[in-house]
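In the text below, chain A, chain B and the rest are named by the order of the sequence lines, each starting its count at 1.
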Protein chains: 2
Amino acid sequence: MLREEKPNNLVQTIERVATIFDVMAQSAHGISLKELSAKVGLPKGTAHRLLSSLAYFGYVRQASESKNYHLGFKLVELGNLLLDQLDLRAQARPFLIKLSKKTKETVHLVVLDQNEALYIDKVVSNDKPGGLQMVSRVGLRVPAHCSAVGKLLIAHLSEKGVNDLILLKGLSQRTRNTITDPDRLKTHLKIVREQGYAIDNEENEKGIRCVGAPIFDQQGQAIAAISISGPAARITKQLVQNFLKKEVIKTAQAISRELGYTDTIQTPGINKNFKKGGEP
Amino acid sequence: MLREEKPNNLVQTIERVATIFDVMAQSAHGISLKELSAKVGLPKGTAHRLLSSLAYFGYVRQASESKNYHLGFKLVELGNLLLDQLDLRAQARPFLIKLSKKTKETVHLVVLDQNEALYIDKVVSNDKPGGLQMVSRVGLRVPAHCSAVGKLLIAHLSEKGVNDLILLKGLSQRTRNTITDPDRLKTHLKIVREQGYAIDNEENEKGIRCVGAPIFDQQGQAIAAISISGPAARITKQLVQNFLKKEVIKTAQAISRELGYTDTIQTPGINKNFKKGGEP
DNA sequence: AACCATATTCCGTATTACGAAACAGTTATA
DNA sequence: TATAACTGTTTCGTAATACGGAATATGGTT
């Protein structure tokens, strides 16, 4: 997988640790030293030294019986601490809860990170006992080009930003509805930007439909997006047009206002750069 | 702070990265390179090299305008993935929700990690609008000796385990109710172990009272604990004795059964070591 | 009891990261 | 507008650091 601007002098240890974490992330029930050292391509001794250092600080832990290595709880600690440091999340949460209650569907809060849409909060509706539930998780990533929230966020990127993203991540075909043509995507993003909401019409996963709206900060930057997601059978196109679209936009606007955004959504593009690049 | 068995050949980079993360964790609004390098005691150049390597893999991120460094979302990703890898958490969750609904209070799931009680799940009651809410967070740690859940977990440790914990962490006085005498603690733990539940009677934080019960796995090990927590004014001693204690024990037993624990709680200590240390 | 598999530790070597200093980019000051 | 002051970023010769193959411990199996 391609990444953005690779530094020419990466610290070797950090690169190795990142690889180790990634391998462990795929090993739900822990991994032995032998297997891990094979997978990351390091001698056992070297891998062991890294692991015991990581274990000392709590970033990995070793099961006392099986000797298998697992990710450590320090990661949970730091990850959740980071989420709490995000003012955005704290401020958005009550609105998400309200929206979820009103629509009786799962609501997500998403930011763009490393050119992917990253879930930073999730509110599930309690009122769907036994019903279908979209599988998602805080910390999960989805491609930007085939999710409502992703499209919203990149719709407010610069032309260059979008090109870079396409170059780095590509436009993988996830379903038959996925937009995979760069030009079609750019046209679509223009519409998304102008209409102030986006729909994921089973573009990422067959059977899942979403509708989302962008959140703007004080500077008018689209820093996040929210969406309502669920099974396409329940989230019908009709329901989106008649009800959900309106609700998600309303909520997103309320959150934006909470963050200090003052511009009206009705006049997009106008009166926007009052602070950005305006030397007299 | 003292730690368990320090390896003699820690990898320097990992030690430095751990320090950097800890400093960042305390910097809610990001930290400048200058400030960070000063705090961790590294030359700017060195700190910068580590940071840019970490940033490349998403473990830190740099705010585009302020240039300040923040913890990166990769930590969220790994942390939440780890939580999902824990069978315990998935299996316990429905029981926690039920317990929270029934008692209308906040319920926590906790494990022992590095001699501290670590919250790995939290279910808040929705039925307390505007009411008091205990501040807690998944990933947060509390000392073991002054929390209901912590006492439960160390009550099932070996004598040596408890001694090590006391040596490493000490028994800090958090409130006037905190048990700070090693012998008194050991006596108390014996009672906790025998009665099958524990109470935190404002021992960690004035005004907060908790009652908890242990969760046993198939091997009869106390691998986790659950608790009901809330303001002492609401969680009265009476309510604990008449209602909450019973409910939390019942729920903990149900989860233990779910995990394959078969021994009856009524006969603690008896018929326990059928698999642990039984050479013929 | 001997064996096998895996984890852990050791130690001489050279590769890796180090960090002082130069450079660049940005903001404050005259 | 020029200049100073500050912070972030990059460079490069050096030596300390981590490397990794091989020896040793551990513990489970035949």
Applying side chain to side chain contact (heavy atoms under 4.5 Å, CB included) to A:Q62 and not counting sequence neighbours gives A:K67, A:Y69

Across all chains, not counting sequence neighbours, the side chain to side chain contact (heavy atoms under 4.5 Å, CB included) partners of A:D164 are A:K160

Those residues at least two apart in sequence (or on a different chain) that pass side-chain hydrogen bond (donor to acceptor under 3.5 Å, both in side chains) with B:D87 are none

note: A:I31, atom CD1; C:dA7, atom P; distance rounded to Å ~ 10 Å

Computed from five pairs at either end and rounded to 10 degrees, the angle between the axes of the helix from C:dA1-D:dT30 to C:dA30-D:dT1 is 40°

The residue among A:V110, A:I226, A:L118, A:L109 that forms side-chain contact (heavy atoms from CB on, under 4.5 Å) with A:V149 is A:V110

Rounded to whole Å, CG of A:L33 lies from P of C:dT6 at a distance of 10 Å

Would you be so kind as to tabulate the donor-acceptor pairs closer than 3.5 Å made by side chains of residues 28-46 of chain B, with sequence neighbours excluded?
unit_1, atom_1, unit_2, atom_2, d
B:S32, OG, B:E35, N, 3.1
B:S37, OG, B:L33, O, 3.0
B:S37, OG, B:K34, O, 2.9

Residues at least two apart in sequence or cross-chain that pass side chain to side chain contact (heavy atoms under 4.5 Å, CB included) with B:A222, listed by chain then number, are B:H156, B:F216

The salt bridge (charged side-chain N to carboxylate O under 4.0 Å, His left out) partners of B:R257 (sequence neighbours excluded) come to none

With sugar-phosphate taken as primed atoms, P, OP1 and OP2 and all else as base, the protein-contact string of nucleotides 16-21 of chain C at under 4.0 Å (heavy atoms; B, S, -) is SSBB--

>> Any salt bridge linking B:R141 with B:D113? Criterion: basic side-chain nitrogen under 4.0 Å from a carboxylate oxygen.
In response: yes

Residues passing the salt bridge (charged side-chain N to carboxylate O under 4.0 Å, His left out) test with B:R16, sequence neighbours excluded, are none

Extract from the structure each pairing of a protein N or O with an N or O of nucleotides 24-30 of chain D at less than 3.5 Å, listing the distance.
none

Notebook entry, point to check: Does B:H48 put a side-chain nitrogen or oxygen below 4.0 Å from OP1 or OP2 of D:dG8?
Noted result: no

The side-chain hydrogen bond (donor to acceptor under 3.5 Å, both in side chains) partners of B:D217 (sequence neighbours excluded) come to none

Considering every strand and a 4.0 Å limit on heavy-atom distances, what is the contact class for A:E35: base, sugar-phosphate, or nothing? nothing

Any side-chain N or O of B:Q62 less than 4.0 Å from the OP1 or OP2 oxygen of D:dT9? yes

Would you say A:Y69 reaches C:dT6's phosphate, i.e. side-chain N/O to OP1/OP2 under 4.0 Å? no

For A:A144, the side chain to side chain contact (heavy atoms under 4.5 Å, CB included) test, sequence neighbours excluded, returns A:L112, A:I154, A:L165

